[in-house]
Amino acid sequence: MTDRIDFTVTGEEKLHCGGCEAGVRFTLERMPGVEHVAADATTQCVAVMFDPALLTADHIRKRLKEIGFDVEVSA
């Protein structure tokens, strides 16, 4: 079973370019349970498909914080 969660980058550090998008994808896709990541610098959105049996949205949020991005779950 797979869940999807969407985050919006809210802190001072934003996704600026394709390199930022690729860095977010690379970092999150290395987490056990993450199946797909889409990061978009235009919308400041990070969408993650993940296995909720292996990790939670909070784990993903904390990992994004570790690499410099403050995020909130999108409504």
Side-chain angles (χ1 to χ4, degrees):
M1 183 176 204
T2 303
D3 279 357
R4 174 185 168 149
I5 189 159
D6 295 332
F7 295 98
T8 301
V9 178
T10 59
E12 287 184 32
E13 185 64 33
K14 300 292 186 192
L15 296 170
H16 297 287
C17 62
C20 294
E21 293 169 353
V24 166
R25 282 193 309 271
F26 177 78
T27 298
L28 295 183
E29 286 176 348
R30 293 177 60 195
M31 295 178 73
V34 172
E35 297 180 12
H36 179 74
V37 178
D40 187 329
T42 304
T43 62
Q44 295 300 304
C45 181
V46 178
V48 183
M49 300 291 292
F50 67 100
D51 182 344
L54 297 177
L55 76 162
T56 66
D58 196 47
H59 290 121
I60 298 166
R61 185 192 55 75
K62 286 179 183 176
R63 186 66 185 115
L64 286 165
K65 175 89 171 157
E66 288 172 1
I67 63 170
F69 297 102
D70 291 321
V71 296
E72 292 181 1
V73 175
S74 301

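Here the structure is a predicted model, which is why all the values come from computation and not from measurement. What you see below is based on every heavy atom in this structure, not just the backbone, and it leaves out hydrogens, waters and symmetry mates.
- What you find for Ala57 and Ile5 is that their closest heavy atoms are CB-CD1, 3.1 Å.
- Residues meeting the salt bridge (charged side-chain N to carboxylate O under 4.0 Å, His left out) test with Arg25, sequence neighbours left out: none.
- Under the side chain to side chain contact (heavy atoms under 4.5 Å, CB included) criterion, Arg61 pairs with Phe7, Asp58, Val71, sequence neighbours left out.
- With hydrogens and angles ignored, the 3.5 Å screen pairs a side-chain donor or acceptor of Glu21 with a backbone N or O of Ala41.
- For Thr43, there are no side-chain hydrogen bond (donor to acceptor under 3.5 Å, both in side chains) partners two or more places apart in sequence or in a different chain.
- Not a single salt bridge (charged side-chain N to carboxylate O under 4.0 Å, His left out) links Glu12 to another residue, sequence neighbours left out.
- For Glu29, the CD atom sits in a packed shell: over 12 heavy atoms of surrounding residues, nucleotides or ligands are nearer than 6.0 Å.
- Looking at every heavy atom in both residues, Lys14 comes nearest to His16 through O-CD2, 3.1 Å.
- Val46 and Val73 fall within the same hydrophobic cluster, where Ile, Leu, Val, Met, Phe, Trp and Tyr residues are linked whenever their side-chain heavy atoms come under 4.5 Å apart, directly or through other members.
- Between Val24 and Ile67 there is a side-chain heavy-atom pair separated by less than 4.5 Å.
- Summarising the geometry, atom NE2 belonging to His36 is positioned 11.5 Å from atom CG belonging to Leu28; distances are rounded to the nearest 0.5 Å.
- Asp70 is linked by a side chain to side chain contact (heavy atoms under 4.5 Å, CB included) to Thr10, Lys65, counting only residues two or more places apart in sequence or in another chain.
- When all heavy atoms of Cys45 and Leu15 are compared, the pair lying nearest together is O-CD1, 4.3 Å.
- Atoms CD and SG, from Glu13 and Cys20 in turn, are 6.5 Å apart once rounded to the nearest 0.5 Å.
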* Derivation of the side-chain contact (heavy atoms from CB on, under 4.5 Å) call for Leu64 and Thr27 -> CA-CA 8 Å; Leu64 286 165; Thr27 298; over 6 Å; no
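- Taking Leu54 as the reference, Asp51 meet the side chain to side chain contact (heavy atoms under 4.5 Å, CB included) condition, with sequence neighbours excluded.
- Taking each heavy atom of Met31 and His59 in turn, the nearest pair found is CE-O, 3.8 Å.
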